[in-house]
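Let me begin by presenting the structure, written as structure tokens, before commenting on it.
Note on naming: letters A, B, ... go to the chains in the order of the sequence lines (proteins, then strands), and numbering restarts at 1 for each one. These numbers come from the heavy atoms of this one structure, side chains and all, not from hydrogens, waters or symmetry mates. From a predicted model like this one, the values you see are computed outputs, not experimental measurements.
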There are 2 protein chains.
Amino acid sequence: MTAEGGTPHGHGDPTTEPTTPAHRPTADRTTSRDVARAAGVSQATVSLVLGDKWRGRVSERTADSVRALARELGYRPNLAARNLRLGRTRTALLVVPALTNEFFARVHAGAAHAAAEHSVGVVLYPSPDGIGPARDPFDSARAAVDGIIASSMAANALATLRGGGLPLVMLDSDPLRSDAAATVNLDIADGMRRTAEHLLALGHRRFAHIAAGIDSWTFHVRAEALATAVHQAPDATLRTEPTALGVTEGRAAAERALSGPGPRPTALVCDDDLIAAGACKAARRLGLRVPDDLSITGFDDLSLATALEPELTTVRLPAAAVGEAGIRALIAVLDGRAPEPTELPGELVVRDSTAPPPADR
Amino acid sequence: MTAEGGTPHGHGDPTTEPTTPAHRPTADRTTSRDVARAAGVSQATVSLVLGDKWRGRVSERTADSVRALARELGYRPNLAARNLRLGRTRTALLVVPALTNEFFARVHAGAAHAAAEHSVGVVLYPSPDGIGPARDPFDSARAAVDGIIASSMAANALATLRGGGLPLVMLDSDPLRSDAAATVNLDIADGMRRTAEHLLALGHRRFAHIAAGIDSWTFHVRAEALATAVHQAPDATLRTEPTALGVTEGRAAAERALSGPGPRPTALVCDDDLIAAGACKAARRLGLRVPDDLSITGFDDLSLATALEPELTTVRLPAAAVGEAGIRALIAVLDGRAPEPTELPGELVVRDSTAPPPADR
DNA sequence: CCCCGAACGTTATACGTAACACCTCGGGCG
DNA sequence: CGCCCGAGGTGTTACGTATAACGTTCGGGG
């Protein structure tokens with residue numbers, strides 16, 4: 001029990017040399033203590049100087065010398081030790097379905113940008129988009145984090161996320177039934193309504209909704225908003241063709257919608273730009289010209305929208321702003337402030353894939 | 001020095017209750033010691049059991065009880081503490097230009113996948129694609145990492161990366177002049193050669209290279225390989241039109257190439273699919289049909305390639321495999337094994353944007 | 001002459017974990 | 001009987017950092 005009487009440790013060699021402590025727990029990097037030794041001060045002083053808390057406690061000369069030596073020795077603070085000591089990491093975990101979806105890549109870019117401005121880090125957990133219980137994000141990310149920002153589309157990871165007891169900011173999820181500490185939403189309904197009104201104003205009355213068949217709030221909102229807006233014109237009809245996400249899938253769904261029974265729709269409203277790209281291919285395959293014979297709209301305004309010919313009329317969503325707002329909200333929560341709930345507007349971008357419907361027979 | 005005789009600490013209250021140590025360094029999560037107390041064992045035992053090193057040292061009954069309590073109390077190991085103790089983090093830093101480039105999003109996906117299989121994490125440093133000294137990746141990523149995987153296109157961050165003293169795996173960089181611990185390369189030259197041979201076989205002789213004007217190894221290789229392959233046909237001509245990356249930029253460059261002096265090229269070889277998409281738009285704008293009047297090829301095989309009409313003939317690069325190989329190489333280096341240098345092949349995917357040239361006048 | 005308060009640092013922890021070196025105890029064996 | 005052995009643990013330490021609490025010197029005012 002007493003620590004007196006001989007070193008209880010195995011390699012009780014009182015030389016200053018460490019002599020490789022037999023299991024080498026650390027890569028031999030310079031520590032703040034090394035800098036301290038070199039500067040002839042205590043480790044605490046180094047910590048004060050480098051932490052910029054030295055004013056009035058350390059002389060300017062000493063501070064300068066410490067800084068110089070730190071640079072010279074290539075000192076880099078050990079993040080693990082710092083995080084342990086402080087009990088926080090200044091790091092956020094961003095949970096999204098997949099970055100190959102450009103929308104989420106942009107969300108990440110916005111988050112990374114805003115985070116950098118606050119000296120905060122972002123680590124990513126791309127929730128495997130298949131279903132299944134998903135690996136534990138906390139294990140997979142393997143980085144200690146202070147809070148979580150999660151897209152509602154990463155649904156399969158959400159259950160696990162709850163358990164962590166960490167502050168959670170939800171992106172684009174139902175604000176009513178969310179137990180998150182904060183939410184950042186997109187005004188999806190408004191975007192869809194504007195799309196419908198644009199098409200109605202052009203004279204369209206026969207609509208088909210090529211709808212992402214995904215049980216996610218954002219897509220429910222799209223369907224509902226479209227239906228509501230379309231039916232403001234009493235003679236308008238709307239049929240819905242569900243599809244998985246993706247160009248090929250969208251093409252198949254659009255072909256079904258265009259070759260179904262009854263009069264052919266003159267406008268295809270697609271749940272995202274990839275589906276819209278597929279719809280364009282379907283149109284061409286059926287010998288329909290876009291936009292003369294058929295109008296097509298997308299959603300998201302990915303770079304794809306302007307790469308296509310004709311360029312897509314679509315709703316531009318401020319993806320980067322979503323990421324930024326997510327970071328800001330999380331920081332607010334972590335600082336104990338109440339984050340204002342955010343709702344970001346979309347914007348209808350009219351390009352070349354919409355036009356008045358062909359003259360009816 | 002002796003621990004006897006009264007607690008030297010300020011709030012010397014010998015109760016077991018911590019009574020909030022005045023600055024609350026840690027969020028009050030369950031620690032392994034809490035689990036130990038609940039199970040009536042020592043913290044060391046908890047560590048053994050949960051670290052799966054208990055066989056032959058702890059009875060099965062005790063181990064079960066510890067595991068049950070850990071789950072019940074919602075115990076999650078403190079990664080910062082673990083990392084500090086072990087001196088490693090089982091985390092890799094992936095440095096890429098930007099994830100909005102689908103190619104790098106796929107690289108990341110591959111890396112994340114391979115990493116997860118080895119219980120390793122990946123954190124991302126998207127090097128701001130502008131030039132400039134870039135923030136310190138180690139600071140920005142804010143996560144302690146064991147090693148780095150960097151794309152050669154994240155050039156502006158590379159200098160800083162060197163300083164860290166961490167193992168570095170380079171992706172798609174010049175293997176000859178690289179001081180990296182390992183390299184993972186794509187056989188870009190082969191892909192470009194196949195493209196040229198495909199076009200030559202179709203009968204093309206007048207080529208234009210819409211070339212990414214970026215000082216990066218991968219693009220130098222493309223230019224060189226294309227020139228070499230094209231000039232195997234003695235009557236072939238090749239002009240080069242540099243461009244920035246992106247659809248709009250590619251369109252402008254293609255327009256220059258098509259409207260320049262001399263006979264018009266019949267084949268446009270583009271350095272990536274985005275540029276190729278721009279080239280398609282340029283062709284349409286000039287009244288040229290693809291592929292009847294003009295053949296166009298891309299590079300990368302992004303999802304864009306099949307979204308376009310006509311679908312692009314392009315070189316499919318195994319982006320995900322690059323990420324996977326990067327992780328594997330890094331793990332090998334960290335384990336002290338010598339990683340075999342990897343060179344991954346591309347594959348020419350012939351689609352609808354290439355055809356024999358129009359009959360010459 | 002003495003105490004005081006700046007100025008300038010230092011000492012001592014504590015964070016939570018993993019690994020090592022010890023303990024203890026009952027039984028088998030020579 | 002004495003001794004060792006293995007099973008089943010415990011005590012202690014160290015990782016590198018940040019900070020609260022505590023010295024120590026020195027010039028000056030009362």
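A/Arg90 has its CZ atom 13 Å from the P atom of D/dA18, to the nearest Å. A straight line from CG of A/Leu86 to P of D/dA18 spans 6 Å, rounded to a whole angstrom. Here the P atom of nucleotide D/dA18 and the CZ atom of A/Arg57 are 14 Å apart, to the nearest Å. Distance CG (B/Asn83) to C1' (D/dA14): 15 Å, rounded to an integer number of Å. Nucleotide C/dC20 holds its C1' atom 20 Å from the CH2 atom of B/Trp54, rounded to whole Å. We find that CG of A/Leu84 is positioned 12 Å from C1' of D/dA14, with the value rounded to whole Å. A/Leu48 has its CG atom 17 Å from the P atom of D/dC22, to the nearest Å. Here the P atom of nucleotide D/dG16 and the OH atom of A/Tyr75 are 10 Å apart, to the nearest Å.
For A/Gly56 and B/Ala44, each mapped to the nucleotide of DNA chain C holding its nearest heavy atom, the one lying further toward the 5' end belongs to A/Gly56. Each of B/Glu60 and A/Gln43 has a nearest nucleotide on DNA chain D; the 5'-most of these lies closest to B/Glu60.
Looking at B/Arg29, its side chain does come within 3.5 Å of a backbone N or O of B/Arg76 through a donor-acceptor pair. The closest donor-acceptor contact from the side chain of B/Thr30 to the backbone of B/Leu73 lies under 3.5 Å.
Considering only side-chain N and O atoms, B/Thr31 lies nowhere under 4.0 angstrom from the phosphate OP1 or OP2 of C/dG16. Distances shorter than 4.0 Å separate some side-chain N or O of A/Thr62 from OP1 or OP2 on C/dG9. Here B/Arg82 reaches the OP1 or OP2 of C/dA18: one of its side-chain N or O atoms lies under 4.0 Å away.
The nucleotide whose nearest atom lies closest to any side-chain atom of B/Lys53 is, among C/dG16, C/dG9, C/dA19, C/dA19. For A/Ser42, the listed nucleotide lying nearest its side chain is C/dT10; candidates were C/dA18, C/dT10, D/dA18. The side chain of B/Arg33 lies closest to C/dT17, out of C/dT17, D/dT10, D/dT17.
If you check every strand for non-hydrogen atoms under 4.0 Å, A/Ser59 touches sugar and phosphate atoms only. B/Ser32 comes within 4.0 angstrom of sugar-phosphate atoms only, judged by non-hydrogen atoms across all strands, and of no base. A/Thr45 comes within 4.0 angstrom of a base, heavy atoms only. Looking at heavy-atom distances under 4.0 Å, B/Val46 makes no contact with the nucleic acid at all.
The two residues A/Pro339 and A/Ala181 come nearest to each other via the heavy atoms CG-O, 4.0 Å.
B/Ser65 and B/Thr62 form no side-chain donor-acceptor contact under 3.5 Å, judged by distance and modelled atom types alone.
Under the 4.0 Å criterion applied to side-chain N and carboxylate O atoms, B/Asp64 and B/Arg61 are not assigned as salt-bridge partners.
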